[in-house]
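Worksheet: one structure, shown below.
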Amino acid sequence: MFVAVINGSPNPEGNTNRLLKEAFDLLEGAGVETVYMQLSEIMSGLKVPFCVACSNPCRGSCYAGTSLARAFDLLRRADGIIMGSPVYFSTVSAQLKAFWDKTRLLRKEKALLNVVGGALTVGAARFGGQETTLRAMHDMMLCQGMTVVGDGYWENDSGHQGPCAVRPSEDDMNGINRARILARRVLEVAGATMSLRLHRLSARE
């Protein structure tokens, strides 16, 4: 089992990081191989940080040999992905959008097909656009054919769409608890669907 945790916040030590670390720590505690990706660092070295559809189908030539290419190689192995973003005008950060726009080659390869995904977000106010930000992340994952998780059993309620917190997130125990639950949900569903990702093994051979 391998799970990627993706921080779409431009602030590596901010509110989104605080929630994602809760999910990350739970995964590691469960013995799962886990990687933490800070997108502001991955995207900062790119000469062309935004997708301009320079080739169709995508060949990935604009980021070959960069940290983004290495990040995508990790995603090709992922059984689960948990990503987070702060709320920016009721949607995701520019860093996360730019990163995901660059995944066109992964979509062509069906590399994320049936990978289990979950999302979390933090806003400046209790009703500050969190659910629309979650929906944007879910749409990104659905476009890759991923399996999106949200609410769970009564004792495993990660929120209808996923964890939503208000800053400062370290004081939002509801958001912290739901971030942990989201990690358990991703593990549960990823473990039950391993056979659905076997197509990637033949693609790499």
Side-chain angles (χ1 to χ4, degrees), residues 1-44 67 71 74-75 78-100 116-141 148-190:
M1 183 81 72
F2 177 56
V3 179
V5 177
I6 299 174
N7 186 4
S9 173
N11 183 356
E13 303 298 329
N15 291 285
T16 305
N17 167 73
R18 177 69 178 83
L19 286 191
L20 287 171
K21 284 295 188 181
E22 293 290 339
F24 184 89
D25 289 347
L26 187 141
L27 294 167
E28 280 206 322
V32 176
E33 184 183 359
T34 312
V35 64
Y36 191 92
M37 297 182 178
Q38 179 59 44
L39 297 192
S40 59
E41 297 172 1
I42 292 171
M43 304 300 290
S44 63
S67 58
L74 290 171
L75 293 189
D79 296 294
I81 294 174
I82 297 175
M83 61 182 178
S85 173
V87 178
Y88 279 78
F89 281 88
S90 294
T91 189
V92 299
S93 68
Q95 289 80 5
L96 180 55
K97 184 64 168 66
F99 176 85
W100 209 258
V116 179
L120 58 81
T121 186
V122 182
R126 176 59 62 189
F127 304 103
Q130 285 93 330
E131 287 195 337
T132 52
T133 302
L134 285 179
R135 186 169 62 198
M137 287 186 275
H138 291 169
D139 286 345
M140 291 175 182
M141 292 188 278
V148 177
V149 299
D151 209 341
Y153 300 113
W154 292 277
E155 69 277 12
N156 282 308
D157 177 10
S158 63
H160 292 338
Q161 283 78 39
C164 294
V166 62
R167 72 180 187 197
S169 60
E170 64 263 25
D171 296 336
D172 191 336
M173 292 309 300
N174 184 284
I176 288 172
N177 185 49
R178 290 174 192 264
R180 296 168 182 158
I181 292 171
L182 180 67
R184 290 201 297 268
R185 289 278 291 129
V186 169
L187 279 184
E188 174 188 37
V189 180

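Numbers here are sequence positions counted from 1.
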Q. Would you say Leu20 and Ile6 make side-chain contact, with heavy atoms under 4.5 Å?
A. no

Q | Side chain proximity check, Pro12 to Ser40, heavy atoms < 4.5 angstrom | A | yes

(Q) Is there a side-chain contact (heavy atoms from CB on, under 4.5 Å) between Val186 and Val149? Walk through the geometry before answering. (A) CA-CA 7 Å; Val186 169; Val149 299; 3.9 Å; yes

**Q.** Selection residues 11-38 - residue pairs positive for ring-ring contact (aromatic ring centres under 6.0 Å, His included), sequence neighbours left out
**A.** Phe24-Tyr36

Q | Ser93 versus Ser9, closest heavy-atom pair with distance | A | OG-N, 4.5 Å

**Q.** Gap separating the CE atom of Met137 from the CD1 atom of Ile81, nearest 0.5 angstrom
**A.** 13.0 Å

Could you pull out all donor-acceptor pairs under 3.5 Å where a side-chain atom in residues 25-32 meets a protein atom, sequence neighbours excluded?
none

Q. Is any side-chain N of the basic residue among Glu22 and Arg18 closer than 4.0 Å to the acidic one's carboxylate O?
A. yes

Q) Is there a donor-acceptor pair closer than 3.5 Å between any side-chain N or O of Ser67 and the backbone N or O of Ile42? A) yes

(Q) If I compare all heavy atoms of Ala4 with all of Leu75, which pair ends up nearest, and what's the gap? (A) CB-CD2, 3.8 Å

Q | Cys164 side, atom SG; Leu120 side, atom CG - distance, nearest 0.5 Å | A | 8.5 Å

Q.
Could you walk me through whether Asn11 and Asn17 satisfy the side-chain contact (heavy atoms from CB on, under 4.5 Å) test, starting with their C-alpha distance in whole Å, then the side-chain angles of each, then the deciding distance to 0.1 Å, before giving a yes or no?
A. CA-CA 8 Å; Asn11 183 356; Asn17 167 73; over 6 Å; no

Q.
Using side-chain contact (heavy atoms from CB on, under 4.5 Å), reason through Val122 and Val87 one step at a time and then give a plain yes or no.
A. CA-CA 6 Å; Val122 182; Val87 178; over 6 Å; no

Q | Donor-acceptor pair, side chain of Ser169 and main chain of Asn15, under 3.5 angstrom | A | yes

(Q) Using modelled atom types and a 3.5 Å cut-off, is there a donor and acceptor pairing between side-chain atoms of Gln95 and backbone atoms of Ser44? (A) no

Q. Does Thr132 reach the main-chain N or O of Ser90 with its side chain, forming a donor-acceptor pair under 3.5 Å?
A. yes

**Q.** Residues, nucleotides or ligands: over 12 heavy atoms within 6.0 Å of Arg184 CZ
**A.** yes

Q.
Please evaluate residues Gln161 and His138 with respect to the criterion side-chain contact (heavy atoms from CB on, under 4.5 Å), reporting the C-alpha separation (whole Å), side-chain torsions for both, the decisive distance (0.1 Å), and the verdict.
A. CA-CA 9 Å; Gln161 283 78 39; His138 291 169; 3.8 Å; yes

Q) Counting only N and O atoms by type, is there a donor-acceptor contact under 3.5 Å from the side chain of Thr91 to the main-chain atoms of Tyr88? A) no

Q) How far apart are the closest heavy atoms of Ala23 and Ala183, and which atoms are they? A) O-CB, 3.7 Å

Q: Please determine if Asp172 and Arg126 form a salt bridge, counting it only when a charged side-chain N lies under 4.0 Å from a carboxylate O.
A: yes

Q. If only atom types and distance count, is the side chain of Gln130 paired as donor or acceptor with the main-chain N or O of Ala125 below 3.5 Å?
A. yes

**Q.** Which residues share a salt bridge (charged side-chain N to carboxylate O under 4.0 Å, His left out) with Glu188, sequence neighbours left out
**A.** Arg185

Q) Side chain of Asn7, backbone of Met37: donor and acceptor closer than 3.5 Å? A) no

Q.
Would you compute the distance between atom CH2 of Trp100 and atom CE of Met140 and round it to the nearest 0.5 angstrom?
A. 8.0 Å

Q: Mind checking the CG-CZ spacing from Leu19 to Arg167? Nearest 0.5 Å is all I need.
A: 13.5 Å

Q) Among Leu39, Thr121, Leu96, whose side-chain contact (heavy atoms from CB on, under 4.5 Å) with Met83 holds? A) Leu96

